[in-house]
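Remarks on the structure that follows.
Naming: A, B, ... by sequence-line order, numbering from 1 per chain.
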There are 2 protein chains.
Amino acid sequence: MAMGRPREFDADAALDQAMEVFWRHGYEGATIAQLTEAMGINPPSLYAAFGNKEGLLKAALDRYTAKRAAWMEGVLSAPSARDVAERMLMGTADSQTDPDNPPGCLLVQGGLACGTGSENVPFELAARRALTEDQLRERFVRAKQEGDLKQTADAAALARYLSAVSAGMGVMASSGADREALRQVANVSVKVFEEQSTT
Amino acid sequence: MAMGRPREFDADAALDQAMEVFWRHGYEGATIAQLTEAMGINPPSLYAAFGNKEGLLKAALDRYTAKRAAWMEGVLSAPSARDVAERMLMGTADSQTDPDNPPGCLLVQGGLACGTGSENVPFELAARRALTEDQLRERFVRAKQEGDLKQTADAAALARYLSAVSAGMGVMASSGADREALRQVANVSVKVFEEQSTT
DNA sequence: CCATATCTGTAGTGAGCACTACAGATATGG
DNA sequence: CCATATCTGTAGTGCTCACTACAGATATGG
């Protein structure tokens, strides 16, 4: 019963471009004109595929987190809480200063505060940041069970701490901090875990 | 030779209101209509007094940092590097969750990424964040001279670390983290300084 | 009291925004 | 080959934005 004209652009490739625009300019700072130009399509194609600007952001965020999932698995698979923290923060330092991407982290750069009508966006970003924190907390609970983290350690507090440091590094990266500066922060931050470790 | 009609509103009180709007909605999210309503004035008065929206932001930032200067002096006057860090982070946790202010920190909430035409704003905020970091670094250099911080400690790295943690706490506060959560982060963060102290 | 300089309020202005109507193009199902 | 369903490109739409022209108000200096 007639399938209609097929889409001519690659949705994932277009999302990669949209992701970069949101990353660099934030949700409110990114305009549809910039997005469509980067994606190589016209507005009607964008709206047909993603609904509206916020729908496009969500799709781009999904792709962002999906890409990071593999990396995050590598982080969580480190043998100890201390090594989890080190991989997490060093990887964050490197990815936030990767010249292939805009500086910082999309989940921070995307928008902490938005104007009327976009109040949803900060929540959307925060929810995705919280997912990483949850994974870290569970990993630290396991570390206590496995004995490489002190029984007195607070898994939730340590996860929150790592989450805060990562976000803070994102803020610094977005304002021009270089890789070496972020690695310094990561090195200092990891010391907390050495003190909380049993080894 | 004729001084003209005097201003009818209190510029500082108006700036306090503008500050809050920028804080809550970010630079781009804040509209002139919201600002003028909060300030209790009309657009021509705003433009006569502050030039344009960016000029108003700078004036609000000046007032923000001026208000914090006294608090910052109290932080820096703590007797040791470790106590500086504790006062800094605990004070940050409290002020970022003070119900009298919007959550988070204006210097982070104001805008990390902006659209075309406002590229200056993120730099403006970053420059003011950097001032605090400079003060901390100098304080830690002094702490090394005074001997309460190890000679092997890196004053610049520690200052950067505190700056990153504060910014990260601001991100968390803006997405709803409560005071207790931020204090946990502060408590964990301070441990780094205990390890770097001579006592 | 007058001339002048500055502020205030009303009522816009052009520009840029997210979003879309519509017509033509291109595929599938029969 | 035809009917249909979906995509694409052009060319807008109404709306909101930062910003301002202008006229009336209110102070000072002489």
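Atom CG in B:Leu57 sits about 12 Å away from atom P in D:dC19, given to the nearest Å. In this structure, the CE atom of A:Met39 is 14 Å from the C1' atom of D:dT8, given to the nearest Å. In this structure, the NZ atom of B:Lys53 is 13 Å from the C1' atom of C:dG16, given to the nearest Å. As a whole-Å value, the separation of A:His25 NE2 from C:dC17 P is 11 Å. Distance B:Ile41 CD1 to D:dA25 P: 21 Å, rounded to the nearest Å. As a whole-Å value, the separation of A:Ile32 CD1 from D:dT16 P is 17 Å. Residue B:Leu46 contributes atom CG, which lies 14 Å from atom C1' of C:dG9 at whole-angstrom precision. Atom-to-atom, CZ of A:Arg7 to C1' of D:dA5 comes out at 14 Å; the value is rounded to the nearest Å.
The residue among A:Pro43 and A:Phe9 whose nearest nucleotide of DNA chain D lies closer to the 5′ end is A:Phe9. The 5' end of DNA chain D is approached more closely, in terms of each residue's nearest nucleotide, by A:Pro6 than by the other of B:Pro6 and A:Pro6.
Using a 4.5 Å cut-off on side-chain heavy atoms (C-beta onward), A:Thr97 and A:Leu182 make contact. Under the 4.5 Å side-chain criterion, counting only non-hydrogen atoms from C-beta, B:Leu56 is in contact with B:Met39.
Contact check, A:Tyr47 against C:dC19: a side-chain N or O comes under 4.0 Å of OP1 or OP2. At D:dT8, one or more side-chain N or O atoms of A:Ser45 fall inside 4.0 Å of OP1 or OP2 (strictly under the cut-off).
Between the side chain of A:Trp23 and the backbone N or O of A:Gly104, at least one donor-acceptor pair lies under 3.5 Å.
C:dC1: Watson-Crick or G-U partner is D:dG30, with both key distances under 3.5 Å. C:dA11: Watson-Crick or G-U partner is D:dT20, with both key distances under 3.5 Å. Under the Watson-Crick and G-U wobble criteria, each requiring two contacts below 3.5 Å, nucleotide D:dG14 is paired to C:dC17.
At the heavy-atom level, A:Ala49 lies nowhere under 4.0 Å from the strands shown.
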Evaluate salt bridge (Lys or Arg N to Asp or Glu O under 4.0 Å) for B:Glu124 paired with B:Arg128, printing each intermediate quantity in order. CA-CA 7 Å; B:Glu124 197 70 37; B:Arg128 290 163 196 268; 3.3 Å; yes
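Out of C:dC17, D:dT8, C:dT10, the shortest distance to the side chain of A:Thr31 is found at C:dC17. Comparing D:dA18, C:dG9, C:dT20 against the side chain of A:Pro44 picks out C:dT20 as the nearest. The listed nucleotides are D:dT20, D:dT10, C:dT8; the one nearest the side chain of B:Glu8 is C:dT8. When distances run from any side-chain atom of A:Asn42 to the nucleotides D:dC19, C:dA27, D:dT10, the shortest one goes to D:dT10.
In this structure, A:Phe9 places its CZ atom where more than 12 heavy-atom neighbours from other residues, nucleotides or ligands lie under 6.0 Å away.
In the interface, the side chain of A:Arg5 is paired with the base of C:dA25 through a donor and an acceptor atom under 3.5 Å apart.
Taking the charged nitrogens against the carboxylate oxygens, B:Glu138 and B:Arg142 have no contact shorter than 4.0 Å, which rules out a salt bridge.
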